[in-house]
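Okay, structure first, notes after.
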Amino acid sequence: MKRRFFAALMAMPPQYRLFVDLGAADGYYGIGAVLSERFDRSWCFEIEARGREVIAREAVKNGVADKIVIRGEATPAFHAELSDAERREAVLLVDIEGGEFGLLGTAVFEAFRHSMILIELHPWLVPDGEAKVERLKALAAATHDITALTMAARDLSGFPELHHWNDTDRWLICSEGRPQRMTWLQLTPRLQ
């Protein structure tokens, strides 16, 4: 899944130069987006103080601190922190462990109507999760075209260092320990 997600992220049209990461954790994507030079700037929203500290430290360590904005919890009005011009050039990543259903609504989709959006879905973490996925998709469809990304086939035969491992150990290294097959929504703006 990470490979498909990363490929989708790197294939974003070049006019998108701002990376906005909701649920930034330790800054892996937020810092990596800028460090790779694919994005000029990154906004990292992370609810945990420890995560924000790690992002700040790693941004300094990697020489990109001046390109990273670190914020706390993304509230329903988080989009107001960015200008319309910034949102027009943004790729928004949402990975907030079930919080996507309460946070993302008409106002957010309208504010990011020109933006590319990637949402990791966590329907098993909330009551009526599948119904909430359908509601989220219906709201997003007003401004964006929707593509679902899921886990793809994995082939470990190209890794000679794993040839002598037993099947169980080889396949365990592919696992992210997810309770279910993951799905991401890739939202492409209808207005260009």
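For R52, there are no salt bridge (charged side-chain N to carboxylate O under 4.0 Å, His left out) partners at least two apart in sequence or on another chain.
Screening residues 57-90 for ring-ring contact (aromatic ring centres under 6.0 Å, His included), with sequence neighbours left out, gives F45-F78, F78-F112. Judged as a side-chain hydrogen bond (donor to acceptor under 3.5 Å, both in side chains), the pairs with a partner in residues 36-50 (not counting sequence neighbours) are, in order, R17-D40, R41-E89. Listed by first and then second residue, the ring-ring contact (aromatic ring centres under 6.0 Å, His included) pairs that reach into residues 125-147 come to none, sequence neighbours excluded. Applying the salt bridge (charged side-chain N to carboxylate O under 4.0 Å, His left out) test to residues at least two apart or on different chains, the pairs with a partner in residues 143-153 are D145-R190. Legend: salt bridge (charged side-chain N to carboxylate O under 4.0 Å, His left out) pairs involving residues 71-84, not counting sequence neighbours, sorted by first then second residue: R71-E81, D84-R87, D84-R88.
Nearest heavy atom pair, residue I146 against residue A141, reads CD1-N, 4.0 Å. Taking every heavy atom of both residues into account, P123 and V133 meet most closely at CB-CG2, 3.8 Å. Between G105 and L139, the shortest heavy-atom distance links the atoms CA-CD1, 4.0 Å.
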One pair to check against side chain to side chain contact (heavy atoms under 4.5 Å, CB included): L136 and F109. What are the steps and the verdict? CA-CA 10 Å; L136 187 69; F109 290 127; 3.8 Å; yes

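Taking the six-membered ring wherever Trp is involved, the centroid distance between the rings of W165 and H163 does not fall below 6.0 Å.
Hydrophobic clustering of Ile, Leu, Val, Met, Phe, Trp and Tyr side chains at less than 4.5 Å, counting indirect connections, keeps I119 apart from I47.
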